[in-house]
Amino acid sequence: MAEKLEVLVVGGGHAGAEAAYAVARMGLPVGLVTQDEKAVGRMSCNPAIGGVGKGQLTREIDALGGLMGLAADSSGIQFRLLNTSKGRAVQSPRAQCCRQSYEETVQGILATQPEIVSIQGEVCSLVRLENGNISGLGFKDGREISARAVILCTGTFLGGVLYTGLESESGGRIGENSSHDLALELGKMFLPTGRLKTGTPPRLNANTVDFSVLEEQPGDPEPVPFSFLNDSIFKEQVSCWVTRTNPETHSIVQKNLSSSPMYAGRIEGKGPRYCPSLEDKIVRFANRAQHTVFLEPEGKGSELLYANGISTSLPLDVQEKFVRTIAGLEKAQIHQPGYAVEYSFVSPRVLKRTLEVRNIPGLYLAGQICGTSGYEEAAAQGLMAGFNAALKLTGREPFVLGRHEAYIGVLIDDLVVSDPQEPYRMFTSRAEHRLLLRHDTADRRLTAHADRLGAVSAERIQRLESRSARLKRAMKWLQETPIPKGKPEKETNSARCLRDLLRQTDAGIPAVQELVSLPSEFGLSQEEWKILEADILYEGYVKRQQEWVEGSQAREQAAIPEEFDFQEVRGLRNEAKECLTHFRPATLGAAGRLAGISPADVALMEVALRRESHQ
């Protein structure tokens, strides 16, 4: 190629798109390699972004200048804030999107970056220098393209096989070829690989569904945007619909398990525990009389419904039978049957926290190739791999987030000490510091980091500074405004000022509005008043959690040298030595989170590291 490329990104899914976009924003020329450039940003499974834990990841990606939040806001057709009955710290935004519009938006954003070069073709090999460093890619058509770093974001295409019933075919998703040569290449490089499975439900023709018997699920009247570049979203939303399986549905599935590739022994990889197929639900939860099915439009005006909750790989005729036992779907026609995908992944324990492969300089992995599940997890990894590849090539320090700084930090920290037996999915429960990691604080936590990297626009910084100033002025007003006289003490619980009132868990902004009018001169939206309310309500808890983080940070971040010999640690159990040697954790904190590693083991390693540092 005439262009001199610094980085090559393989795969144009959510990980690949963010990786290429991150490298380009850092000012380096990057090639985005796909088998079909028209498929970049495609939503292979559910046309939705966000959800519990995943919504936090999306907002963090946006706060760091990524594209996922912008694409979700632009293509969203229904917006909901989940977990609103719980505390603000675990509330998560979610958007149902128009499948076609989402990928068009992603492609449009990437097209604004002149540093991104689109390359079409199938990669079959990694080119390396004599010292082992990555130096480019080899293609099936004989081409070789040079680059100093490669980021593999292969999704389900790495050795992918599609299953419907006992029939199978090579593919990464329906109608698209998989990459078997690259899977073999990684095996030759002695990287530990395995097989995982995911699946998708049937798509139904909406014109054949009886909506009159379904439960309607509308969007929120005041949608919360994903992107901090958007103040609000004004668009007509569509409804999703809810129905349920029943004993007749389960009976049909149970009788046909022998024709399920999973239960017939055709698939060796495990699927995601928290998004199981209908076959798995019926086997694992045999006492359940019903399972919820969400019928989600694939676009405004689209005739297709995504039947979320009945992912399956049973034969088409069986799918038709069980679908038509479900209320409202008695006459439903299947436009595209559900199917399973089994694919190869590389154990993420071989990765540094920068997502660079430990013993292959210049090679980075991101997304499902690391054993994760979901668009948001993939995008977060792609973003960080892109940043770190660019930082390394420009001689700068790596960018690594701690568990107390971001859900992205939790995700990567969990991955690099793991050997997944099932696809990893993010939940708020995985973050021990989740009070510090609310979705609405992502910009205040992370945008300054991206600014130091040179990866965000002046507009984003200006908006952050403006909102921070508005919140600060309003906070001062709440602190200085006393409770109006004449109000019964029992109604205000002895609160002296409006800020005191908001500290009470049964109060909130509505309680303040009953006493005084909220000043319009601060320019706060209703959502920003809620952010302020949460800041005050969690203030004491956050302070204690920050103190705990600071107190344990030294141990958490204590580095374990790559050449450290765990076998030489006196008193360390043989099981612990074997586990630590296998996973090679980079810090004491990461070591302590390994299954089977006790606090006593960590204490022994801490003593050994201290002794080694004084030698």
Side-chain angles (χ1 to χ4, degrees), residues 56 59 63 79 81 83-93 220-234 404 433-448 459-550:
Q56 280 85 343
R59 297 215 89 191
F79 296 83
L81 191 62
N83 276 348
T84 52
S85 62
K86 300 180 181 179
R88 185 81 173 180
V90 295
Q91 293 178 10
S92 307
D220 292 341
E222 295 184 16
V224 176
F226 275 105
S227 178
F228 291 98
L229 292 178
N230 294 325
D231 293 320
S232 56
I233 292 173
F234 296 102
H404 64 288
H433 307 301
R434 54 187 168 273
L435 290 179
L436 305 177
L437 306 180
R438 294 183 353 234
H439 76 86
D440 52 32
T441 65
D443 60 336
R444 288 183 281 171
R445 288 186 279 118
L446 300 175
T447 298
E459 179 191 2
R460 192 177 286 275
I461 297 302
Q462 187 276 325
R463 290 178 71 88
L464 170 61
E465 292 174 347
S466 175
R467 187 167 81 144
S468 298
R470 292 198 303 272
L471 292 172
K472 186 176 181 179
R473 288 196 299 270
M475 182 72 84
K476 183 179 180 182
W477 174 78
L478 290 167
Q479 179 70 54
E480 295 176 349
T481 303
I483 300 293
K485 293 181 179 180
K487 296 294 179 183
E489 188 173 294
K490 63 180 182 181
E491 292 183 13
T492 58
N493 292 333
S494 301
R496 296 181 180 180
C497 65
L498 296 179
R499 181 169 174 164
D500 290 341
L501 185 61
L502 283 174
R503 282 200 182 99
Q504 300 167 8
T505 57
D506 59 346
I509 289 296
V512 171
Q513 289 177 293
E514 290 179 6
L515 301 177
V516 297
S517 298
L518 299 178
S520 59
E521 62 264 28
F522 296 138
L524 264 65
S525 65
Q526 194 64 31
E527 171 64 12
E528 287 173 325
W529 281 110
K530 290 179 182 177
I531 291 172
L532 205 56
E533 173 190 311
D535 285 349
I536 294 168
L537 182 61
Y538 285 111
E539 188 176 40
Y541 302 104
V542 166
K543 183 179 179 182
R544 285 196 292 273
Q545 200 159 90
Q546 285 174 330
E547 289 172 350
W548 187 91
V549 168
E550 290 167 7

Problem set entry | Minimal non-hydrogen separation, P223 against F79, with atom names | CB-CB, 3.6 Å
Seminar exercise, completed: Nearest heavy-atom contact between A442 and A63 is O-CB, 3.4 Å
Closer than 3.5 angstrom, by distance alone: can the side chain of [X] be matched with the main-chain N or O of [Y] as a donor-acceptor pair?
X    : Y    : answer
N83  : V90  : yes
Y541 : L435 : no
S466 : Q462 : no

For this session: Can you sort out the partners of N230 under side-chain hydrogen bond (donor to acceptor under 3.5 Å, both in side chains), two or more places apart, ordered by chain and number?
Result: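 In terms of side-chain hydrogen bond (donor to acceptor under 3.5 Å, both in side chains), with neighbours along the sequence ignored, N230 is linked to D73.
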Exercise. Is it true that atom CD of E222 has more than 12 heavy atoms of other residues, nucleotides or ligands lying nearer than 6.0 Å?
Worked result: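 No - once you tally the heavy atoms of other residues, nucleotides and ligands closer than 6.0 Å, there are 12 at most.
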Gap separating the [atom1] atom of [X] from the [atom2] atom of [Y], nearest 0.5 angstrom:
X    : Y    : atom1 : atom2 : value
L436 : R445 : CG    : CZ    : 8.5 Å
L502 : L537 : CG    : CG    : 8.5 Å
I531 : L471 : CD1   : CG    : 6.0 Å
E527 : L81  : CD    : CG    : 7.0 Å
H433 : Q546 : NE2   : CD    : 11.0 Å
I536 : L498 : CD1   : CG    : 9.0 Å

For residues 515-525, tabulate all N or O donor-acceptor pairs below 3.5 Å that involve a side-chain atom, not counting sequence neighbours.
unit_1 : atom_1 : unit_2 : atom_2 : d
S525   : OG     : E528   : N      : 3.2

Exercise. In chain order, what residues pass the side chain to side chain contact (heavy atoms under 4.5 Å, CB included) check against S92, with sequence neighbours excluded?
Worked result: V52, Q56, T428
For this session: Please list, chain by chain and in numerical order, all residues satisfying side chain to side chain contact (heavy atoms under 4.5 Å, CB included) with E465, sequence neighbours excluded.
Result: I461
Problem set entry | Ring-face cation of R59 near F228 (centre distance under 6.0 Å, axis angle within 45°) | yes
Exercise. Does the side chain of M475 come within less than 4.5 Å of L532's, by heavy atoms?
Worked result: yes
Seminar exercise, completed: Quick note, salt bridge (Lys or Arg N to Asp or Glu O under 4.0 Å) partners involving residues 531-542, not counting sequence neighbours, are R438-D535, R444-D535, R499-E539, R503-E539
For this session: Evaluate the criterion side-chain contact (heavy atoms from CB on, under 4.5 Å) for residue pair R88 and D440; output intermediate values, then yes/no.
Result: CA-CA 9 Å; R88 185 81 173 180; D440 52 32; 2.6 Å; yes
For this session: For D231, check salt bridge (Lys or Arg N to Asp or Glu O under 4.0 Å) against everything at least two apart and list the hits.
Result: R463
